[in-house]
Number of protein chains: 2
Amino acid sequence: MALLVGRHVNKIDKKGRVSVPKSFRASFDGQGFSGIYAYPSFKFPAIEACGEAFMQRISASLEKMEMFSEEQDDLAAAILESAHALPFDPEGRIVLPPPLLAHAGIDGEALFVGRGAQMQIWNGDNYEKHRQQALQRARSRGATLQLSPALPTEGPS
Amino acid sequence: MALLVGRHVNKIDKKGRVSVPKSFRASFDGQGFSGIYAYPSFKFPAIEACGEAFMQRISASLEKMEMFSEEQDDLAAAILESAHALPFDPEGRIVLPPPLLAHAGIDGEALFVGRGAQMQIWNGDNYEKHRQQALQRARSRGATLQLSPALPTEGPS
DNA sequence: TAGTCACCCATTGACGCCCATATTTACCCA
DNA sequence: TGGGTAAATATGGGCGTCAATGGGTGACTA
């Protein structure tokens with residue numbers, strides 16, 4: 001699956017529709033459901049979204065954790081319960097439900113942020129503040145990254 | 001994968017296109033995505049770029065920490081979120097987005113610098129200053145390099 | 001029956017593709 | 001060993017296509 005990277009700003013029209021960037025959309029097709037799953041982020045005033053494949057992973061993780069970590073259980077459960085399945089229209093647009101818009105403080109414009117396998121949808125101003133803080137923390141920490149070992153070309157992670 | 005070494009200066013045309021040096025280009029093909037991922041360098045006024053394989057590693061690192069580690073999350077996210085997927089055109093050129101050009105102070109000409117598995121793209125003057133400083137530091141420190149043992153290869157003798 | 005939602009069509013502006021040219025590099029032959 | 005020639009890379013510009021956007025209309029629902 002192609003990676004989701006970068007940022008894209010798209011407009012929300014009067015009917016509440018917003019185009020999902022083509023490059024993101026491309027990552028989600030061929031997953032059974034033509035659309036995305038969106039749910040409010042825990043940590044940020046933002047919407048998190050992913051395709052069906054990733055949602056399956058979340059669901060699977062939930063089942064695994066159940067008997068061990070109550071916290072994880074709550075967390076994953078909250079994701080599934082607050083998630084919305086948002087189908088693409090023929091032009092590749094979705095309609096973000098009011099509760100999600102409210103949570104992220106989005107109105108008029110939506111900022112799509114690629115996070116690898118998932119994406120986030122932000123209010124532009126809120127994201128900028130968040131980003132500055134994140135970069136600040138990264139710099140003060142010395143900006144090193146412990147990379148996972150190289151994948152063996154294509155093995156199952 | 002062939003190593004990226006040396007420096008190349010290429011022109012940016014009116015449409016913002018730059019040829020990626022052929023030798024660099026060759027290192028990035030056969031990775032699924034025909035193009036490079038570019039993001040601003042943390043430490044320098046330069047653009048860093050890599051192929052899909054390297055980006056996948058960053059994404060995998062991020063997924064592992066998800067919902068837990070804020071630090072790793074910040075850093076990996078800062079890279080992924082600031083990254084741009086830049087596809088090659090049929091002639092092997094890419095278009096550097098304005099934000100990246102601004103970060104590196106590039107205009108008119110781009111200096112490609114091989115860094116082994118990755119590459120950097122600089123403004124020529126900035127790079128020269130940076131390089132002098134680096135050499136200066138290396139000299140004053142009496143820089144020595146402890147070589148790792150030769151890798152076991154399948155080559156003759 | 002009114003309202004909402006899903007699909008269809010039209011516009012436009014950016015971007016990718018194609019072709020042409022120039023400059024460099026590599027190679028061959030005298 | 002030098003020049004000349006051929007191939008390949010770098011560069012420039014035009015044009016068609018597609019993604020993003022806006023609006024309209026019919027169908028289904030409450």
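Predicted, not measured: the structure shown is a model, and the values here were computed from it. Here is the naming used below: chain letters follow the sequence lines, and residue numbers restart at 1 for every chain.
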How long is the line joining [atom1] of [X] and [atom2] of [N], in whole Å?
X	N	atom1	atom2	result
B:Asp13	C:dC18	CG	P	17 Å
A:Leu86	C:dA6	CG	P	10 Å
B:Ile12	D:dT11	CD1	P	10 Å
B:His8	C:dT24	NE2	P	15 Å
B:Phe88	C:dC18	CZ	C1'	19 Å
A:Ile94	D:dA20	CD1	P	12 Å
B:Phe24	D:dT9	CZ	C1'	15 Å
B:Arg17	D:dT9	CZ	C1'	15 Å

B:Leu96 and B:Ile36: same hydrophobic cluster, using ILVMFWY side-chain contacts below 4.5 Å?
->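 B:Leu96 clusters together with B:Ile36.
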
Shared ILVMFWY cluster between A:Ile79 and A:Phe44, side chains joined below 4.5 angstrom?
->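 Shared cluster, no.
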
Does a side chain donor of either A:Gln136 or A:Gln132 reach within less than 3.5 Å of an acceptor in the other side chain?
->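 Result is no, nothing qualifies.
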
Could you verify whether a donor N or O on one side chain and an acceptor N or O on the other, from B:Glu52 and B:Gln56, lie under 3.5 Å apart?
->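 The criterion, which ignores hydrogens and geometry beyond distance, is satisfied for B:Gln56 and B:Glu52.
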
So how far is it from A:Phe24 CZ to A:Ser19 OG, rounded to the nearest 0.5 Å?
->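 The OG atom of A:Ser19 is 13.0 Å from CZ of A:Phe24, to the nearest 0.5 Å.
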
Rounded to the nearest 0.5 Å, what's the gap from CD1 on B:Ile106 to CH2 on B:Trp122? Could you check?
->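 Answer rounded to 0.5 Å: 9.5 Å.
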
Given D:dG22, C:dC19, D:dA20, which nucleotide is nearest the side-chain atoms of B:Glu91?
->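 Between D:dG22, C:dC19, D:dA20, the one nearest the side chain of B:Glu91 would be C:dC19.
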
Given D:dA20, C:dC18, D:dG23, the nucleotide with the shortest approach to the side chain of A:Lys14 =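 Nearest to the side-chain atoms of A:Lys14, counting from C-beta on, is D:dG23.
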
State yes or no: are the ring centers of B:Tyr39 and B:His84 separated by less than 6.0 Å?
->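 No, ring centres 6.0 Å or more apart.
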
Would you indicate what A:Val20 reaches in the nucleic acid, counting non-hydrogen atoms under 4.0 angstrom: base, sugar-phosphate, or nothing?
->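 If one applies the 4.0 Å heavy-atom cut-off, A:Val20 turns out to touch the sugar-phosphate alone, with no base involved.
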
Looking across every strand, which nucleic acid part, if any, lies under 4.0 Å from A:Pro87 by heavy atom: base, sugar-phosphate, or nothing?
->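 Touches nothing.
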
Name the one of B:Val9, B:Leu111, B:Ile121 that satisfies side-chain contact (heavy atoms from CB on, under 4.5 Å) with B:Tyr127?
->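 That would be B:Leu111; it is the only one of B:Val9, B:Leu111, B:Ile121 passing the side-chain contact (heavy atoms from CB on, under 4.5 Å) with B:Tyr127.
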
At how many degrees, to 10°, do the end axes of the helix from C:dT1-D:dA30 to C:dA30-D:dT1 meet when each uses five pairs?
->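 Overall, the helix from C:dT1-D:dA30 to C:dA30-D:dT1 bends by 40° from one end axis to the other.
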
Could you please spell out the steps behind the side chain to side chain donor-acceptor pair (under 3.5 Å) verdict for B:Ser82 and A:Arg131?
-> CA-CA 10 Å; B:Ser82 314; A:Arg131 176 176 157 75; 2.9 Å; yes

If you pin A:Ser19 and B:Pro21 to their nearest nucleotides in DNA chain D, which one's is more 5'?
->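 Of the two residues, B:Pro21 wins.
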
Taking only Lys NZ, Arg NE, NH1 and NH2, and the carboxylate oxygens of Asp or Glu, determine whether A:Arg7 and B:Glu81 approach each other closer than 4.0 Å.
->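 Salt bridge flag = no for B:Glu81 with A:Arg7.
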
Restricting both atoms to N or O, compile the protein contacts to nucleotides 3-5 of chain C shorter than 3.5 Å, with distance only.
none

Phosphate OP1/OP2 of D:dT9 contacted by B:Lys22 side-chain N/O (<4.0 Å) =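 Looking at the OP1 and OP2 atoms of D:dT9, one of them is under 4.0 Å from a side-chain N or O of B:Lys22.
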
Using a cut-off of strictly less than 4.0 Å, decide whether A:Arg25 has a side-chain nitrogen or oxygen near OP1 or OP2 of D:dA20.
->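 Yes, because at least one side-chain N or O of A:Arg25 sits under 4.0 Å from OP1 or OP2 of D:dA20.
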
